[in-house]
Amino acid sequence: MNMIAKLDTDITPDGPDYDTVRQVIELISEEYRDQPSLEAIAARLNQSPTQLQKTFTRWAGLSPKAFLQAVTLDHAKRLLRREEMPLLETSIEVGLSGPSRLHDLFVTHEAMSPGEWKAKGGGLTIRYGFHNCPFGAALVMVTDRGLAGLAFSDAGDEKACLEDMSCRWPNAEYIEDRQATAPYAERIFQPGRWTSDQPLRVVLIGTDFQVSVWQSLLKIPFGKAVTYSDIAKDIGRPTAMRAVGAAVGANPISFVVPCHRALGKNGALTGYHWGLTRKRAMLGWESGHA
């Protein structure tokens, strides 16, 4: 068994945008009932309202007010409102054009065989690197078959993030190689580079049940959301909501396989492996790009 992957270089990211967004989300989550004004939020962060406006416009294409509306429970409920139809039909109906459809066509996936999964990474070489992204530091992990892992970290937590991911495939060989992972990072977080003629290759490493859940997640249109119950029905296991929730939580390719678009009953955000603040940020960012 290989040793747990270790960082060879200091990759603590710079760039204040997500840090500002994170602080704002945490603030409004704690003081939601008070509905703090833009001026009050800016003062708490030692910024001017104008500075805060520029940050959010640059980060998500939204004003702070629009972003705050996008991360509320009411918005989550609106994401769930649609005609009753299977997930695949919903995806086709909602995503005929625009960024949502581009994102659907951008990702092409395959699943490793049960035998490969049971080997826990044995025979696999996984190249990894941390990169700045709209949601903090992104840990990108790739094999010769495509993107295998995408995780997120706040500054200072990179080693814990890497250990979390590498423990999933303990028998793999890990090589730090930011040059190999940079092209993936650049494409994943730039909607302008989502093209169907050059799809992003993704490889799913999990049990048959987990893979079926992750494939269902890939049907959720960009800028929309579904419940765990919807996913359970989509994979033909309507009573397996708890198992579905566990599989969603174990998704190794966050954001690209959009587990952040899975919500609890009535729009509750429930949990997220990389933190509810980041989940709120992703839903708000997608609102600005949908």
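Sequential numbering from 1 along the given sequence is applied to the chain's residues. Computed from a predicted model, the values in this text were never measured in an experiment.
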**Request:** State, with a plain yes or no, whether a side-chain heavy atom of Trp169 is found less than 4.5 Å away from one of Met141.
**Result:** yes
**Request:** Is it possible for you to say whether Val211 and Trp117 belong to one hydrophobic cluster, with membership spreading through side-chain heavy-atom contacts below 4.5 Å?
**Result:** yes
**Asked** Can you check side chain to side chain contact (heavy atoms under 4.5 Å, CB included) on Leu263 and Lys279, steps first, answer last?
**Response** CA-CA 10 Å; Leu263 306 179; Lys279 183 172 185 174; 3.9 Å; yes
**Item:** Nearest heavy atoms of Ala243 and Phe209, plus distance in Å
**Value:** O-CE2, 3.5 Å
**Prompt:** Under a 4.5 Å cut-off applied to non-hydrogen side-chain atoms, are Val142 and Ile126 in contact?
**Reply:** no
**Asked** Within the side chain of Glu186, is there an N or O that forms a donor-acceptor pair under 3.5 Å with the backbone of Pro183?
**Response** no
**Asked** Side-chain contact, heavy-atom cut-off 4.5 Å: Pro252 with Trp214?
**Response** yes
**Message:** Give me the atom names and distance for the closest heavy-atom approach of Ile220 to Pro258.
**Reply:** CD1-O, 4.4 Å
**Asked** Do Phe189 and Tyr184 have side chains that get closer than 4.5 Å, going by heavy atoms?
**Response** no
**Prompt:** How about Arg22: does its CZ atom have over 12 heavy atoms from other parts shown lying under 6.0 Å from it?
**Reply:** yes
**In one Ile/Leu/Val/Met/Phe/Trp/Tyr side-chain cluster, 4.5 Å: Leu276, Val226** = yes
**Derivation and outcome, side chain to side chain contact (heavy atoms under 4.5 Å, CB included), residues Leu147 and Thr181** = CA-CA 9 Å; Leu147 179 70; Thr181 56; over 6 Å; no
**Request:** Evaluate the side chain to side chain contact (heavy atoms under 4.5 Å, CB included) criterion for residues Leu200 and Ile188: first the C-alpha distance (whole Å), next the side-chain angles of each, then the deciding distance (0.1 Å), finally the verdict.
**Result:** CA-CA 8 Å; Leu200 180 74; Ile188 289 167; 3.9 Å; yes
**Asked** Are any non-hydrogen side-chain atoms of Leu139 and Leu162 less than 4.5 angstrom apart?
**Response** yes
**Item:** Any Glu116 side-chain heavy atom under 4.5 Å of Ile205 side chain
**Value:** no
**Request:** Just grab all the side-chain hydrogen bond (donor to acceptor under 3.5 Å, both in side chains) pairs involving residues 240-259, residues at least two apart or on different chains.
**Result:** Ser254-Trp274
**Request:** For the residue pair Phe135 and Phe255, categorise the inter-ring angle as parallel (less than 30°), tilted (30 to 60°) or perpendicular (more than 60°).
**Result:** tilted
**Prompt:** How many angstroms lie between CZ in Arg278 and CG in Asp154, if you round to the nearest 0.5 Å?
**Reply:** 4.5 Å
**Request:** To the nearest 0.5 Å, tell me how far Cys161 SG sits from Phe152 CZ.
**Result:** 9.0 Å
**Prompt:** Taking C-beta and beyond as the side chain, do Val248 and Tyr228 meet within less than 4.5 Å on heavy atoms?
**Reply:** yes
**Prompt:** Could you give the distance from OG (Ser216) to CG (Asp234), rounded to the nearest 0.5 Å?
**Reply:** 3.5 Å
**Prompt:** Atom NZ in Lys54, atom OG in Ser48: separation rounded to 0.5 Å?
**Reply:** 8.0 Å
**Message:** For Ile231 and Val213: C-alpha separation, side-chain torsions, deciding distance, then whether side chain to side chain contact (heavy atoms under 4.5 Å, CB included) applies.
**Reply:** CA-CA 7 Å; Ile231 297 169; Val213 171; 4.1 Å; yes
**Item:** Under 3.5 Å: donor-acceptor pair, side chain of Asp157, backbone of Ala160
**Value:** no
**Side chain to side chain, Asn171 and Leu124, heavy atoms closer than 4.5 Å** = no
**Prompt:** Distance-only, no hydrogens or angles: does the Tyr174 side chain make a donor-acceptor pair with backbone N or O of Ser166 under 3.5 Å?
**Reply:** yes
**Item:** Minimal non-hydrogen separation, Val21 against Trp59, with atom names
**Value:** CG2-CD2, 3.7 Å
**Message:** With rounding to the nearest 0.5 angstrom, report the NZ to CE distance, Lys233 to Met241.
**Reply:** 8.5 Å
**Item:** Main-chain N/O of Pro49 paired with Gln51 side-chain donor or acceptor, under 3.5 Å
**Value:** no
**Request:** Apply salt bridge (Lys or Arg N to Asp or Glu O under 4.0 Å) to the pair Glu173 and Arg127, showing each step before the final yes or no.
**Result:** CA-CA 8 Å; Glu173 178 186 7; Arg127 299 180 182 276; over 6 Å; no
**Prompt:** Which distance, rounded to the nearest 0.5 Å, do you find between the CG of Leu52 and the CD of Gln47?
**Reply:** 5.5 Å
**Minimum heavy-atom distance Ala262-Leu217, with the two atoms named** = CB-CD2, 4.2 Å
**Request:** Determine, stepwise, if the pair Glu286 / Arg261 fulfils salt bridge (Lys or Arg N to Asp or Glu O under 4.0 Å).
**Result:** CA-CA 10 Å; Glu286 288 187 344; Arg261 298 180 201 154; 3.0 Å; yes
**Partners passing salt bridge (charged side-chain N to carboxylate O under 4.0 Å, His left out) against Arg168 (at least two apart in sequence or in another chain)** = Asp164
**Message:** How close do Ile235 and Ser212 get, counting heavy atoms only, and between which atoms?
**Reply:** CG2-O, 3.5 Å
**Item:** Minimal non-hydrogen separation, Ala185 against Val140, with atom names
**Value:** CB-CG2, 4.1 Å
